[in-house]
Amino acid sequence: MNQVTCSSCSRGVSSGEAYELNAKTYCGPCVTAAAQQAKDAGQPVSVTRYVDKSICARCSTYIGEGGGIAVGTARVCAPCSQLIQDWPYPQWLKLSLGALLLLLVFGLYHGRGYFQAGKQLYRGEQLVETGQYQKALPYLKDVITIAPNSDKAALLTAKAGLLSGDVQAASLALEGHNKGYFEHTDKPEFQEVNRLWKGANTAFEKLEKASKLEEHDGNEVEAARLVHEAAAAYPQLPHMDIVLDQYDGGVAFAQKDYDKFLALSEKGWKSWPASGTAAMFSSALACKYAVTGEPSFRQQSEDMLAKAKEMAAGNKETLANLAEFEERNRYRLETRQIISKSAYDQKFRGAKSAAK
Amino acid sequence: MFFIPGQVIALLTFPGVIVHESAHLFFCKLFKLKVFNVCFFRFGNPAGFVIHEQSENFTAQFFVSMGPFVINTLLCVVFCTAAFLPVWELNVNDPLAYFFYWLGLSIGMHSFPSTTDLSHLWKAAPALAKKGNVLAILSLPLSGVLVVLNYGRVVWADLGYGIAVGVLGPIAIFRAFARF
């Protein structure tokens with residue numbers, strides 16, 4: 001390293017430890033005093049490190065006074081000049097970038113199934129957010145086949161299933177997620193599904209109880225109350241309105257309010273034409289015939305029963321039930337006496353079972 | 001809040017440092033600025049640097065300073081998007097996805113320009129902003145926010161930014177695509 005002379009104390013100092021102030025060279029101890037003097041004299045104070053122009057400012061190679069290439073206030077050697085003009089990207093950087101891009105392409109190809117699932121998941125989520133639960137289910141069911149442990153997919157599927165009345169879809173989604181285990185049970189999404197799920201289970205328990213109560217005469221009011229409670233707990237259950245009408249119809253029959261029984265059974269038949277609703281309508285028409293003697297009711301009752309049998313064609317169990325009902329209905333039409341099934345069984349069949 | 005030495009963080013997220021300095025170098029070369037020294041990664045403070053000449057051209061200053069912010073942010077979104085679904089939404093244990101997420105977050109964490117870079121912009125921008133220079137107008141609030149975020153590194157603002165970009169970016173992309 002070159003020696004330079006301090007312009008203040010004339011002492012020789014290494015160029016690396018020298019400073020410049022207003023075009024003069026100073027050693028470390030003198031530059032502070034010189035800066036203060038310049039300041040007091042109102043001169044500009046800009047202390048910079050002394051740049052030895054005889055060596056390359058970058059690699060310290062000797063280039064001689066005035067040699068090399070000027071870069072600002074410094075001078076550099078020719079190779080360094082070339083380097084700083086166009087600094088190359090290192091080979092390892094280029095190779096790493098290439099490898100990373102290849103890996104990214106592979107990753108995107110490898111993850112194409114995830115992208116498809118993700119698209120389905122967001123589509124399903126958007127449909128759920130807009131209340132289109134039935135429409136959302138196919139999208140969400142696709143997602144849980146790829147990612148059964150996804151909290152979001154399982155909860156959205158369960159929500160869509162429960163709110164569209166597809167309890168089986170909800171059950172499959174929840175059971176398929178870590179065997180029903182969810183880690184973040186404090187999340188509102190989980191809480192919402194949990195509330196719906198409990199509501200559905202409560203409804204099914206009440207419906208089962210109602211169904212058992214209905215097997216015996218005199219329980220119609222209690223059974224109907226349970227069905228109303230079930231409907232309140234899980235209003236999304238499909239055909240709940242028809243089930244309610246059937247149980248309310250049972251209450252009307254028990255209370256001998258045949259006009260109401262007829263109205264409810266007709267409503268049920270119109271909203272869901274099936275062998276069961278046709279048979280109930282036929283029963284109500286037979287009751288009306290029994291109390292009024294109006295032949296058109298009898299004719300309609302027979303027509304509805306024929307329709308019920310027609311609709312049950314091929315279903316052995318339903319046909320057997322209809323055959324049993326036909327016998328009792330015939331008795332009602334022939335005698336114009338209205339008795340319950342258990343009373344009929346006791347009177348004519350000596351049945352131990354009072355099952356309807 | 002817990003303290004982890006900067007060098008350890010830099011080591012754990014070294015791809016971000018390399019990308020940040022590469023972006024600096026890229027924009028220096030793009031604007032033909034002289035580069036005196038480059039360090040892509042080292043165990044020290046700073047973990048990487050690019051020493052270049054100061055340009056009188058504000059556009060060059062803007063891109064050299066903000067370039068790494070833009071490039072790191074974009075790459076963070078790209079890599080996190082590639083990994084977002086299996087990691088966050090689908091709960092699939094895919095090592096490649098986790099690797100991409102680490103890469104994305106590492107890159108995102110090193111998006112912020114240095115305070116030195118920002119101070120150059122901050123000094124030059126007001127005069128040019130008065131003349132209607134769009135980049136200068138843009139750089140004023142941006143520099144302000146980034147200076148604050150830079151100081152916020154002590155409370156993990158850089159990690160917070162990486163996570164925000166690496167989560168919100170992919171969500172926005174996938175939600176937009178799901179509509180088609």
Side-chain angles (χ1 to χ4, degrees), chain A residues 56-59 69 71-72 74 76 80-90 92-94 96-97 100-101 103-127 129 139 143-144 146-154 156 177-178 182-183, chain B residues 14-15 18-19 21-30 32-41 48 50-54 71 75 78-101 103-104 107 170-180:
Chain A
C56 171
R58 215 191 142 263
C59 68
I69 297 147
V71 178
V76 292
C80 284
S81 168
Q82 179 64 34
L83 187 66
I84 62 175
Q85 293 290 345
D86 187 17
W87 194 284
Y89 294 110
W92 65 264
L93 188 68
K94 291 183 204 170
S96 303
L97 181 68
L100 207 58
L101 286 175
L103 196 63
L104 181 64
V105 170
F106 172 74
L108 292 172
Y109 177 75
H110 164 78
R112 65 196 185 287
Y114 303 143
F115 292 118
Q116 185 59 25
K119 191 179 172 185
Q120 306 273 72
L121 178 66
Y122 287 116
R123 184 78 189 111
E125 187 181 22
Q126 283 165 357
L127 289 167
E129 280 169 359
Y139 293 102
V143 179
I144 54 171
I146 295 171
N149 291 334
S150 163
D151 285 21
K152 186 172 186 174
L156 276 172
H177 180 280
N178 289 332
F182 285 83
E183 200 174 336
Chain B
F14 74 92
I18 296 172
V19 170
E21 303 313 333
S22 302
H24 263 315
L25 180 61
F26 172 78
F27 283 104
C28 284
K29 285 167 75 79
L30 190 70
K32 301 195 185 313
L33 300 184
K34 292 182 183 75
V35 175
F36 302 112
N37 203 0
V38 177
C39 172
F40 289 98
F41 185 78
V50 174
I51 300 172
H52 56 85
E53 72 170 323
Q54 277 305 315
I71 298 280
L75 286 176
V78 168
F79 283 106
C80 288
T81 299
F84 177 77
L85 289 168
V87 171
W88 284 95
E89 300 285 43
L90 303 176
N91 291 15
V92 177
N93 289 320
D94 185 336
L96 187 62
Y98 282 97
F99 171 74
F100 278 150
Y101 224 93
L103 201 59
I107 294 171
I171 285 178
I173 289 170
F174 288 121
R175 278 187 165 262
F177 274 110
R179 293 184 188 280
F180 302 110

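Labels below follow one simple rule: chain letters A, B, ... track the order of the sequence lines, proteins then strands, and each chain is numbered from 1.
Looking only at side-chain heavy atoms (C-beta outward), Asn37(B) and Ile84(A) stay at 4.5 Å or farther from each other.
Counting all heavy atoms, side chain and backbone alike, Phe115(A) lies closest to Ala82(B) at CZ-CA, 4.1 Å. Of all heavy-atom pairs spanning Leu25(B) and Pro88(A), the tightest one is CD2-O, 4.4 Å. Of all heavy-atom pairs spanning Ala147(A) and Leu90(B), the tightest one is CB-O, 3.3 Å. In this structure, Phe36(B) and Trp87(A) approach most closely via the heavy-atom pair O-CZ3, 3.4 Å. Of all non-hydrogen atoms in Leu96(B) and Gly107(A), the two that sit nearest each other are CD2-CA, 3.7 Å.
Residue Phe174(B) touches chain A through both its backbone and its side chain, counting heavy-atom pairs closer than 4.5 Å. Using a 4.5 Å cut-off between heavy atoms, Leu103(A) contacts chain B through both its backbone and its side chain. Contact of Val143(A) with chain B is made through the side chain alone, with heavy-atom distances under 4.5 Å. Contacts between Tyr139(A) and chain B at a heavy-atom distance below 4.5 Å are absent for every atom of the residue. In this structure, no portion of Gln120(A) lies under 4.5 Å from any heavy atom of chain B. Using a 4.5 Å cut-off between heavy atoms, Leu104(A) touches chain B through backbone and side chain atoms alike. Residue contact with chain A, scored on non-hydrogen atoms closer than 4.5 Å, involves the backbone and the side chain of Phe26(B) alike. Heavy-atom distances place the side chain of Leu103(B), and not its backbone, under 4.5 Å from chain A. Contacts of Lys34(B) with chain A are made by both backbone and side-chain atoms, with heavy-atom separations under 4.5 Å.
To the nearest 0.5 angstrom, Phe100(B) atom CZ is 7.0 Å from Leu100(A) atom CG.
Aromatic ring orientation, Trp92(A) versus Phe40(B): perpendicular (interplanar angle above 60°, classes split at 30° and 60°).
Within the 3.5 Å criterion, the main-chain N or O of Asn91(B) finds no donor-acceptor partner in the side chain of Asn149(A).
In terms of non-hydrogen atom pairs under 4.5 Å with chain B, the most contact-rich of Gln126(A), Gln85(A), Arg58(A) is Gln126(A). Among Leu85(B), Val92(B), Val35(B), Val38(B), the residue making the largest number of heavy-atom pairs under 4.5 Å with chain A is Val35(B).
The side-chain contact (heavy atoms from CB on, under 4.5 Å) check on Phe41(B) picks up Ala10(B), Leu11(B), Phe14(B), Val17(B), Ile18(B), Phe43(B), Ala47(B), with sequence neighbours excluded.
Every pair passing salt bridge (Lys or Arg N to Asp or Glu O under 4.0 Å) that includes a residue from residues 88-97 of chain B is listed here, sequence neighbours excluded: Lys152(A)-Glu89(B).
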